Amino acid sequence: MNSAEKMKIVSIVGARPNFMKIAPFIRAIEEYNQNGQVKIEHVLVHTGQHYDDNMSKAFFEALNIPEADINLGIGSGTHAEQVGQTMIAFEKVVWQEKPDWIVVVGDVNATCACSITAKKENVRLAHIEAGLRSRDMTMPEEVNRLVTDRLSDLLFTPDRLSGENLLDEGISGEKIKFVGNIMIDTLEAQRKKAAELTIEDILRTNCMEGHIDVRSIGLSSDFALLTLHRPSNVDDPAVLTDIVHFLTNELTKDMKLIWTVHPRTEKQLKAFGLWHKVLSADGLILLNPLGYHELLRLNMAAKIVLTDSGGLQEECCVLGTPCLTFRWNTERPITLREHGGASVLVGNDVGHIRIGYSQMRQENRAPSRPELWDGKTAARIVQALVSDQFPKKPSTGEIPQRRQSCNG
Ligand code: UD1
């Protein structure tokens with residue numbers, strides 16, 4: 001390798017859960033460039049799938065992500081509209097930028113769309129958070145994960161179970177790099193700042209307009225924290241109505257509930273005539289979508305988390321917060337009790353949710369840290385990309401190895 005060697009990476013974000021995965025990656029590139037032998041040029045593309053300030057801009061600011069170099073402005077739409085329009089717009093970016101690598105994260109529509117475009121343009125593709133499988137093909141994210149992993153040249157896995165999934169699907173072990181969970185890089189970098197926030201300030205600043213008098217909250221006692229946004233939970237009126245009744249008639253009689261409401265969920269609560277019920281329920285505090293530090297702070301203090309978010313399941317695992325996952329399956333089994341994590345699956349049937357809640361609300365915080373969830377995942381990824389692009393020349397007698405696997 002000589003000092004003239006360069007490598008250009010285009011990376012993509014589209015929706016909220018992508019931002020905490022890209023922040024450490026960008027920082028690791030900056031750090032690599034200070035002393036590394038290769039000069040990495042990085043171009044950040046935002047597809048614009050999430051566009052509200054509190055779903056996007058707030059995360060760029062809080063996590064010090066530089067403004068995207070290119071914004072495709074895709075916005076909301078059906079899956080075909082989002083994927084199709086992203087592919088058309090991203091193709092032009094690939095022609096213009098001519099990258100050595102396209103790096104995608106997670107499993108949202110932007111991830112899938114840009115992966116397909118990358119391979120159709122013969123650009124090498126790397127997937128951060130590869131190998132997760134729920135085996136539930138009704139989940140749009142499962143389709144996105146399968147397509148992306150099938151097309152990727154390098155697959156960065158967060159845990160060993162994900163690596164096994166990929167091997168079972170016939171993906172060559174040489175392409176699979178077990179690097180750990182990049183989300184935890186962000187958690188470790190930000191938890192001190194989050195701990196400095198006060199819960200009362202978070203509630204006061206983010207409370208949905210006209211909802212509560214913050215002075216009357218009295219959060220000295222235990223509280224539960226809820227997030228909900230999956231189509232399987234919020235798009236079916238019968239399912240969402242049952243969940244809301246459980247929350248307002250049962251859970252809030254036991255402890256206060258803080259609900260940070262996703263825009264999709266707010267839309268559906270209004271469409272199904274449930275909005276007034278949640279607005280007027282005693283013991284239920286409705287918040288706008290929160291910033292990264294605010295949600296982390298609430299998670300650090302909550303007695304229990306109720307969620308259908310994969311990222312929150314992972315954060316609960318490291319923070320040790322008992323977590324009821326409102327899904328029948330998970331692509332992140334490492335976060336479940338049986339693998340040492342903090343989460344149990346309760347689906348969206350109120351009978352299961354009730355039993356799970358009454359058991360988990362008794363539990364104490366019990367942090368666990370899966371292998372390589374150590375805050376150093378992004379640095380391993382950058383090093384692996386460089387090594388793959390510029391393989392070490394074999395010295396005499398050494399067996400040539402074009403691409404070495406990080407798998408132990
Ligand atoms: C997307 C991801 C999901 C991820 C979630 C986190 C896919 C298939 N799904 O789901 O994996 O967990 O993001 O939030 O990519 N909306 C706004 N403002 C916004 C964004 C969305 O009002 O900034 C509303 C719109 O009404 C939109 C709806 O939310 O139609 C759903 O947004 P969309 O991006 O399609 O999917 P999410 O449910 O957010």
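These numbers come from a predicted model, not from an experiment. As the structure lists them, so they are numbered: ligands from 1, and atoms in each ligand from 1.
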Quiz item: Looking only at atom types and distance, does a side-chain atom of Asn144 sit under 3.5 Å from a main-chain N or O of Cys112, one as donor and one as acceptor?
Solution: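 Side chain of Asn144 to backbone of Cys112: no pair is present.
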
Quiz item: With distance as the sole criterion, is a donor-acceptor pair present between the side chains of Glu294 and Asn206 under 3.5 Å?
Solution: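 The answer is no; no qualifying pair exists.
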
Quiz item: Taking non-hydrogen atoms only, is Pro17 closer than 4.0 angstrom to ligand 1 via side chain, backbone, both or neither?
Solution: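 Answer for Pro17: side chain.
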
Practice problem: Using a 4.0 Å heavy-atom cut-off, say whether Glu141 meets ligand 1 through its side chain, its backbone, both or neither. | Solution: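 It is the side chain that gets close, since no backbone atom is under 4.0 Å.
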
Exercise. Under 4.0 Å from a heavy atom of Arg264: give me the atoms of ligand 1 that qualify, with their elements.
Key: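 The list of qualifying atoms is 28 (C), 29 (O), 31 (C), 36 (O), 37 (P), 38 (O).
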
Which residue supplies the protein heavy atom nearest to [atom], what is that atom called, and how far is it?
| atom | value |
| --- | --- |
| atom 22 (O) of ligand 1 | Pro263 CB, 3.3 Å |
| atom 8 (C) of ligand 1 | Asn109 OD1, 3.3 Å |
| atom 21 (C) of ligand 1 | His50 CD2, 3.9 Å |
| atom 25 (C) of ligand 1 | Ser76 OG, 3.4 Å |

Exercise. Would you check if Lys21 and Met183 make a side-chain contact, meaning some heavy-atom pair closer than 4.5 Å?
Key: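 Yes. Closest side-chain heavy atoms under 4.5 Å.
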
Exercise. Over all heavy atoms of both residues, which pair between Glu331 and Ser134 is shortest? Give the atoms and the distance, please.
Key: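 Closest pair (atom of Glu331, atom of Ser134, distance): CB-N, 3.5 Å.
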
Self-check item: Between SG on residue Cys323 and CZ on residue Arg337, distance to nearest 0.5 Å
Solution: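 Cys323 SG to Arg337 CZ: 10.0 Å, rounded to 0.5 Å.
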
